[in-house]
Amino acid sequence: MLSFDLTEDQEILRKSVRDFAEKEVAPVAAKLDEEEKFDLDLVRKMGDMGFFGPFVSEEYGGTNVGYVSYIIIVEELARVDGSTAATVAAGNSLGIGPIFYFGSEDQKRRFLPALCEGKRIAGFGLTEPNAGSDAGGSQTTAAFKDGRWTINGSKIFITNASSDLTSVVTVQTVTGRKPDGRPEYSCFLLPAGTPGFTRKKMTGKLMWRSSDTAELYFEDCRIGEDAMLGSRGAGFHQMLKTLDGGRLSIAAMGLGGAQGAYEAALKYARERKQFGMPICKFQAIAFKLADMAVEIEAARNLLYKACWLKDSGKPFAMEAAMAKLYCSEVFGRVAREAVQIHGGYGLMKEYAVERFFRDQKLLEIGEGTSEVQRIVISRAIGC
Amino acid sequence: MTSGREKGGIHSGGQPGLSQPAHGVYNPPLPAGKPIGPGRVWRFLSMEIAVLVKQVPDTAEVKIDPKTGTLIREGVEGVVNPEDLNAVEAALVLKARHGGCVTVLTMGPPQAREALLETLAMGADRAVHLTDKAFAGADTLATSYTLGKAVEKLGPFDLVICGRQAIDGDTAQIGPQVAEYLGIPQATYVQEIEIRDGVLRAVRRLDAGTETIETPLPALVTVLGSLNSPRLPTVPGIIDACSSKDRLSVMNAADIGARAEKTGLRGSPTVVWKTETPKSERRCEMLKGSPAVQAQALAAILKKRNLS
Ligand SMILES: Cc1cc2nc3c(=O)[nH]c(=O)nc-3n(C[C@H](O)[C@H](O)[C@H](O)COP(=O)(O)OP(=O)(O)OC[C@H]3O[C@@H](n4cnc5c(N)ncnc54)[C@H](O)[C@@H]3O)c2cc1C
Ligand SMILES: Cc1cc2nc3c(=O)[nH]c(=O)nc-3n(C[C@H](O)[C@H](O)[C@H](O)COP(=O)(O)OP(=O)(O)OC[C@H]3O[C@@H](n4cnc5c(N)ncnc54)[C@H](O)[C@@H]3O)c2cc1C
């Protein structure tokens, strides 16, 4: 029989993450956003709560709770703050994911335990100044000589890659040409502090201001053969798989953000009085809130279904793209109307909807723009 | 555990000057802990702690059925009564310091199971769900009898911890009544707890200021929200609590040896006559005249209403 029931542990998990977000994140979110501060203590606290490594088996320090539970964690954090949710979503899907799914036994043992504990964090470097949506246009190269690889090039917009907590970054490079003349992509695990590997924090963001975003530079950065992730030439496949999983967590950020903005708008609309009555009594406002509730419900069902497919070992890539696209755009509509319902106050930093309004925009751009999601979906349906 | 201790056994001989435990609750002899550090610093190496928790509706405003006058519980999400989380936290802190075992008990319908899982996820060792059709409709007397019976059955315990008050029933009677039933000392409204040499030291909050009392164990305390800040269940804690089959047990009236006629509605002398939300009505009266006249009028009104 079809069932929408969450398991007992998922219900308790949701409550616990919600309490954590309200107690530990909500009071500091606006200040961290204002100061563009990536809070290392908050990351450690989230590590103590067990928010990292939800799909990693216990032998490497993970909790192995599955994607539905993972998505609940991200959703509940995003309900309160986008940047904090981004740290966990990127830390897991992009940081831990590639190492767990494609790493050697040695690499997993070396990096995963500290990452799953939240004592360290990892990044995933795909995007380059000249290779965004066109990830295949990568210009960072790795050349093999005398048993070592030498990497040259740069990456941009890499989440969780510049802080003191960063232990390692997965970097996609071009390692040569295939027999058919097309580029061969391979990924490397570059520990922070490797000579020739510089990391620079990017500032001045509109959104996710307290999430860590980095530019990476590789200047004759030399590393051993054992730094390669999986096999030579597997880089493109690894990247696609990583992004499939990552889309679920970005979708969770859209869903959670929409939920948070909606709740704030509903509360405000019931309290704010104009013309002698709460503004939620005006049909123009009430219908906005009704539409939000409908779209959030639809978004949640789409995303949870995609997670269920993944947890059941079924193909989920198209549904993940749909969920990422839909949840991001629902958040866009909800955040816009939530600000509208707040009137002038919605434009002030004192009200959380102002931050939600800004944070939402990234979701239509990061990990594949909305246009790219539509390309993925249209191909999947046979266009 | 202190030496010579029997599980579930009935012990005679309590502390001089204390009421004799009437229902077989263990009253320990002078602490037989191992000396720790120099001098006469003693402490228990192990404590058996029972925590009583209630699942309450997650809403500030409890709705009352206008026809029956009882609480409407359907469709409202259940949570652990907030101060009971402080009670669990206190038990876990004491356990961390002294060693031992934390047992959480609740009397409630099947869905109260989730409240127990939450406390297990926080780190309680075991949880006991007291559930039986016969328990339904209990007032505070029947509730305390049932909880007291269960504590006796599952004990002996060194300490029983309750929340001060449940946010739905709101009587703050259960803790004191359970203590009376068990015949052990009690400290209510506790905002600080310390145990040393087998003596419980509790700081109680009073209307004006605080009071510090000492009592030997076993004892019962009811705690305030200001006592501590309850830990949140972690992801591994939740998985552990929900996957282990043997940490949570279910018991009915027969299991705890409770007499059916003393539990639930049958055991409840309280009859709900009427339940209503008090309406606050305000009347505004404008005083006229010169300031002196107004002041006189005001003083007269205050005097008439015994407010002066
Ligand atoms: C805060 C932040 C964090 C990020 N974190 C990471 C990270 O951790 N790791 C990482 O690798 N990257 C990261 N990124 C990069 C992000 O994934 C890219 O910005 C994104 O993929 C888009 O690439 P671009 O910015 O180069 O835009 P472009 O690809 O230049 O796109 C510009 C516009 O053209 C459109 N467009 C491009 N191609 C097509 C097409 N074929 N058809 C239709 N429209 C098209 C796009 O949809 C977009 O509207 C992050 C970005 C930000 C802002
Ligand atoms: C006049 C009156 C009418 C009532 N009518 C109804 C009714 O119609 N329907 C109904 O469901 N209830 C009703 N109750 C409430 C019911 O009797 C109480 O919920 C119950 O006896 C506990 O009392 P309390 O909620 O006031 O708890 P309190 O005494 O305020 O709780 C103090 C502490 O005792 C412990 N505790 C309390 N209850 C439990 C429990 N069940 N299991 C474990 N620990 C517990 C907790 O540690 C709690 O923090 C009524 C109570 C009264 C006085």
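Here the structure is a predicted model, which is why all the values come from computation and not from measurement. Throughout, protein chains are lettered first and strands after them, A, B, ... in sequence-line order, and every chain is numbered starting at 1.
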field: Shortest non-hydrogen contact between A:Phe51 and B:Val235, atoms and distance
entry: CD2-CG2, 4.1 Å

query: Atom CG in B:Leu117, atom CD1 in A:Ile12: separation rounded to 0.5 Å?
result: 4.5 Å

With 3.5 Å as the limit, can you list every donor-acceptor pair between chain A and chain B, backbone and side chains included?
unit_1: A:Glu8; atom_1: OE1; unit_2: B:Arg113; atom_2: NH2; d: 2.9
unit_1: A:Glu8; atom_1: OE2; unit_2: B:Arg113; atom_2: NE; d: 2.5
unit_1: A:Glu8; atom_1: OE2; unit_2: B:Arg113; atom_2: NH2; d: 3.4
unit_1: A:Lys15; atom_1: NZ; unit_2: B:Gly78; atom_2: O; d: 3.2
unit_1: A:Lys15; atom_1: NZ; unit_2: B:Glu114; atom_2: OE2; d: 3.3
unit_1: A:Lys15; atom_1: NZ; unit_2: B:Glu118; atom_2: OE1; d: 3.3
unit_1: A:Ser16; atom_1: OG; unit_2: B:Pro233; atom_2: O; d: 2.6
unit_1: A:Met49; atom_1: O; unit_2: B:Val235; atom_2: N; d: 2.8

